[in-house]
Asks: 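Structure incoming, see below.
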Amino acid sequence: MEIVAVIDFETTGLSPAQGDRATEIAAVIVEDGKVVDRYQSLMNAGVRIPSFIESLTGISDAMIRQAPPAAEVMQAVSDFVGDLPLVAHNASFDCKFWDAELARIQRGRQKDFICSLLLSRRIFPQAPSHKLSALIEYARLPVAGRYHRALADAEMAASLLLRLEEELQQRHGVTEVSPDFLRQIQRVPKNQLAKCIASRRR
DNA sequence: TGCCAGGCCCTCTTTAGGGCCTT
């Protein structure tokens, strides 16, 4: 597969439209079946961390106070990933924050995200759950660190993506797994998945 | 005052409702 960047945000809540902000971001570069580069940073957006979020992520107000400004971090991570295709687990969530935080520094996004959750629903329909932790256990992939910290979650989403790619190649006989093909697969209705995959067989 | 996300996807659906998933 072409090089992609897998990203993960930790935030103060679920919706930038409701005033929630990013508190941490990680991005890992995946090339030739492995992670070859990593970026991770907490970020200070000048907001308080709700107690529920502190319990969930372990990220506290004290940690955020010492972090670089959100604008500086977003500029750095945006430079780090460049124009690579972006991947996230439940990408509709990370995409909202990516767009919202980039808009604050007058930057934008060119391409649609690839979503490892949507791909998992199609490639592993039999999995008991499609949340990241359950899929890591289901696919017997290594736990990269504490769940709900950006770098660990990005690393695990990357290993899940590689496992999904492997499944397409080995089980379904797909020869070339391009980002465009993954975007196609993740949107295809269930009853058309086999037909869509067949078009890429050797 | 009371409200408070939103996209995907299934089904006891399509003039809708509710669970899943992200923090």
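Labels below follow one simple rule: chain letters A, B, ... track the order of the sequence lines, proteins then strands, and each chain is numbered from 1. Keep in mind it's a predicted model, so treat the numbers as computed, not measured.
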Asks: Please classify the nucleic acid contact of A:F97 as base, sugar-phosphate, or nothing, using heavy-atom distances under 4.0 Å.
Replies: nothing
Asks: Report yes if a side-chain nitrogen or oxygen of A:R187 is closer than 4.0 Å to either non-bridging phosphate oxygen (OP1 or OP2) of B:dC8; otherwise report no.
Replies: yes
Asks: Identify whether any heavy atom of A:D94 sits under 4.0 Å from a base atom; if not, whether one sits that close to sugar-phosphate; answer base, sugar-phosphate or nothing.
Replies: nothing
Asks: I need the NE2-P distance between A:H130 and B:dC10, as an integer number of Å.
Replies: 10 Å
Asks: Without decimals, in angstroms, what is the distance between A:L118 CG and B:dG7 P?
Replies: 13 Å
Asks: Calculate, to the nearest 0.5 Å, the distance between atoms CD and CE belonging to A:E31 and A:M1 respectively.
Replies: 11.0 Å
Asks: On DNA chain B, does the nearest nucleotide to A:L132 precede the nearest nucleotide to A:Q18 from the 5' side, or the other way round? Give the residue.
Replies: A:Q18
Asks: Output yes when at least one side-chain N/O atom of A:S129 is less than 4.0 Å from OP1 or OP2 of B:dC21, else no.
Replies: yes
Asks: Contact class for A:E10 (heavy atom, under 4.0 Å): base, sugar-phosphate, or nothing?
Replies: sugar-phosphate
Asks: What parts of residues 148-155 of chain A reach DNA chain B, counting only heavy atoms under 4.0 Å away?
Replies: A:H148, A:D153
Asks: From the set B:dT23, B:dC9, B:dG6, return the single nucleotide nearest to any side-chain atom of A:N90.
Replies: B:dG6
Asks: Pick base, sugar-phosphate or nothing for A:R122, based on heavy-atom distances below 4.0 Å to the nucleic acid.
Replies: sugar-phosphate
Asks: So which one's nearest nucleotide on DNA chain B is more toward 5', A:D8 or A:L14?
Replies: A:L14
Asks: What residue among A:L161, A:V4, A:V87 forms side-chain contact (heavy atoms from CB on, under 4.5 Å) with A:L182?
Replies: A:L161
